[in-house]
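Worksheet for the structure shown next.
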Amino acid sequence: HRVEIQGTVSLLTEHTAPFGIEAPIRFAPTRNPHPTRFVRTYAFSSLAQTTAYAELLGHTAGSSTWSDSVWEHYTEGPVDPRYEELARQLIAELPVEIQDDPFAQALKIKLHIDENMRYTRSERHDDAPDPTADFLFGNFTGYCVHSAHAAAYLWRSVGLPARIGTGYLVEESERRGSALMVM
């Protein structure tokens with residue numbers, strides 16, 4: 001269900017962990033095209049999804065090789081019951097024949113967030129005891145960290161394994177042009 005793609009990343013600042021697009025499988029150093037601008041350049045190979053969403057129905061979530069502790073780790077959710085209530089409400093809106101399908105459930109939750117959130121980096125939810133709940137059950141205004149945590153908590157609340165991957169930010173004044181160049 002995936003095709004291998006190659007690319008190059010040139011970093012403006014040091015970063016300890018290389019990254020690629022979607023599902024990286026290989027990294028290798030490569031020639032830096034502009035050493036006075038970039039601190040490091042590397043090539044990557046990644047796997048990108050080529051399968052239509054409809055063809056992903058019927059697959060199981062997680063891995064049959066996971067131990068109970070790994071499974072528990074990726075499905076441990078927040079104690080706030082509103083996460084599970086919302087997730088179950090959204091899943092109930094799916095056609096009956098796919099309500100038990102993990103991919104359909106995950107996609108329904110993701111699309112709900114995509115369609116309803118208002119993106120802004122100025123809304124931080126810093127003062128809330130649970131910033132994710134403040135975002136999701138409050139004004140639905142925030143940025144990628146808020147939507148990622150909301151999705152993961154909703155998925156986990158119904159037993160779908162999930163984790164969050166984060167990146168880094170280079171202050172605009174330090175960027176000197178593009179913050180990330182993928183070739």
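Computed over heavy atoms, backbone and side chain alike; hydrogens, waters and symmetry mates excluded.
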Among the clusters formed by ILVMFWY side chains lying less than 4.5 Å apart, do W66 and I164 turn up in the same one? no

Where do T8 and F44 come nearest, in terms of heavy atoms and distance? N-CE2, 3.7 Å

R31 and T41, any side-chain heavy atoms less than 4.5 Å apart: no

Are side-chain heavy atoms of S45 and I5 found at a separation under 4.5 Å? no

Got more than 12 heavy atoms from elsewhere within 6.0 Å of CG, N116? yes

Show every donor-acceptor pair shorter than 3.5 Å between a side-chain atom in residues 69-81 and any protein atom, with sequence neighbours excluded, or say none if there are none.
from : atom 1 : to  : atom 2 : distance (Å)
S69  : OG     : S67 : OG     : 3.0
T75  : OG1    : W71 : O      : 2.8
D80  : OD1    : R82 : N      : 2.9
D80  : OD1    : R82 : NE     : 3.2
D80  : OD2    : R82 : NE     : 3.1
D80  : OD2    : R82 : NH2    : 2.8

Determine the minimum heavy-atom distance between S46 and P24, stating which atoms define it. OG-CA, 3.4 Å

Under 3.5 Å donor-acceptor, H125 side chain and A128 backbone: no

Rounded to the nearest 0.5 Å, the CD atom of E84 sits from the CD1 atom of I91 at a distance of 9.0 Å

Would the distance check show the side chain of D101 and the main-chain N or O of G58 forming a donor-acceptor pair, the cut-off being under 3.5 Å? yes

ring-ring contact (aromatic ring centres under 6.0 Å, His included) partners of F27, counting only residues at least two apart: Y42

Quick one: CG on L136 to NE2 on H149, what's the gap to the nearest 0.5 Å? 12.5 Å

Does any non-hydrogen side-chain atom of I113 lie less than 4.5 Å from one of L154? yes

Are side-chain heavy atoms of Q105 and F103 found at a separation under 4.5 Å? no

Is the shortest side-chain heavy-atom distance between V9 and L11 below 4.5 Å? yes

Please round to the nearest 0.5 Å and tell me the distance separating atom CG of D114 and atom OG of S147. 7.5 Å

Do Q6 and E4 have side-chain N/O donor and acceptor atoms under 3.5 Å apart? yes

Hydrophobic side-chain clustering at under 4.5 Å (ILVMFWY, transitive links): who's grouped with I25? Put none if nobody. L47

T132 side chain reached by H146 side chain, heavy atoms, under 4.5 Å: no

Nearest heavy-atom neighbours spanning R2 and A23: NH1-CB, 3.7 Å

Nearest atoms (heavy-atom pairs only) where A104 meets L57: CB-CD2, 3.7 Å

Same apolar cluster: L90 and V96, side chain cutoff 4.5 Å: no

I want to check something: taking the side chain as every heavy atom from C-beta on, are N32 and R40 in contact at a cut-off of under 4.5 Å? no

Report the distance from atom CG of D134 to atom CG of N139, rounding to the nearest 0.5 Å. 6.5 Å

Going by side chain to side chain donor-acceptor pair (under 3.5 Å), Y143 matches just one of R118, R124, R121. Which one? R124

Polar side-chain atom of H112 near backbone of K108 as donor-acceptor pair, under 3.5 Å: no

For A92 and Q99, the nearest pair of non-hydrogen atoms, with its separation, is O-NE2, 3.1 Å

Could you tell me which non-hydrogen atom of F135 sits nearest to which non-hydrogen atom of T141, and how far apart they are? CD1-O, 3.5 Å

Donor-acceptor under 3.5 Å (W155 side chain, A106 main chain): yes

Checking Y83 against D130: is there a side-chain donor and acceptor pair closer than 3.5 Å? yes

